[in-house]
Amino acid sequence: MAKEFSKNIYNSQRWRKVARAYAESQHYVCERCHNRSFIRNGKLPRFIVHHKRHLSPENVRDDNTVYGWSNLELLCIYCHNTVHGVSLDRECLFDDDGNPIGIVDHI
Ligand SMILES: [Zn+2]
Ligand SMILES: [Zn+2]
């Protein structure tokens, strides 16, 4: 389920710009597995710009937490699911060409 407090952020132009710039800076390489899953599965994984400190109602107004690169991590969808485990979250997903395709509820 979407968390209401972070919905506006993930839908915002500002977040998409930041997420895109960050993903580009990482050359769309997963920071954890370096796209080993790409080799394993034979197709490019999707990427998510993840917040290391997860957004919460308390920190959602803090620009450094939301938009600061030090709190971001580019993960492929496999690693991202591992990070979150069973928790649900919404973040910015990229298609195979690296274009932000908006928001997903990930599993
Ligand atoms: Zn990965
Ligand atoms: Zn995440």
Side-chain angles (χ1 to χ4, degrees):
M1 284 292 106
K3 294 176 186 157
E4 286 305 315
F5 67 84
S6 58
K7 198 168 142 191
N8 289 342
I9 290 171
Y10 290 131
N11 280 317
S12 72
Q13 288 297 326
R14 183 179 179 189
W15 165 250
R16 290 182 188 210
K17 261 174 99 168
V18 168
R20 179 74 190 264
Y22 183 77
E24 272 173 10
S25 80
Q26 297 298 325
H27 309 287
Y28 299 99
V29 173
C30 174
E31 293 186 57
R32 300 214 177 189
C33 74
H34 305 286
N35 296 1
R36 269 173 290 159
S37 53
F38 164 69
I39 296 158
R40 196 166 56 231
N41 294 309
K43 63 175 184 173
L44 201 62
R46 292 179 162 193
F47 295 100
I48 289 167
V49 178
H50 165 71
H51 284 102
K52 291 185 209 166
R53 282 192 309 282
H54 293 177
L55 299 188
S56 69
E58 289 72 44
N59 67 20
V60 77
R61 285 177 220 289
D62 176 24
D63 272 18
N64 279 334
T65 299
V66 179
Y67 302 107
W69 282 20
S70 60
N71 194 35
L72 301 181
E73 193 172 19
L74 184 69
L75 298 176
C76 71
I77 200 157
Y78 308 108
C79 290
H80 192 247
N81 285 344
T82 304
V83 168
H84 282 277
V86 294
S87 78
L88 292 167
D89 199 350
R90 279 192 160 197
E91 289 171 271
C92 191
L93 184 71
F94 292 85
D95 68 14
D96 294 350
D97 298 320
N99 299 307
I101 54 174
I103 317 304
V104 285
D105 286 312
H106 56 72
I107 345 153

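Counting convention: from 1, in listed order, for ligands and their atoms alike.
With hydrogens and angles disregarded, a donor-acceptor distance shorter than 3.5 Å links the side chain of His51 to the backbone of Val66. Remark: the backbone N or O of His54 is paired with a side-chain donor or acceptor of Asn59 at under 3.5 angstrom.
Put simply, the angle at the Zn ion (ligand 1) from SG in Cys30 to SG in Cys79 is close to 110°, to the nearest 10°. An angle of 110° is found at the Zn ion (ligand 1) between Cys76 atom SG and Cys33 atom SG, rounded to 10°.
For the side chain to side chain contact (heavy atoms under 4.5 Å, CB included) test, residues two or more places apart in sequence or in another chain that qualify with Glu31 are Tyr22, Gln26, Glu73, Leu74.
When every heavy atom of Phe47 is checked against every heavy atom of Cys30, the shortest pair comes out as CE2-N, 3.8 Å.
In summary, His51 places no N/O/S atom under 2.8 Å from the Zn ion (ligand 2), failing the contact criterion. The Zn ion (ligand 2) has an N, O or S atom of His80 inside 2.8 Å of it.
Using cut-offs of 30° and 60° on the angle between ring planes, the pair Tyr67 and Trp15 is tilted.
Nearest N, O or S atom of His50 to the Zn ion (ligand 2): atom ND1.
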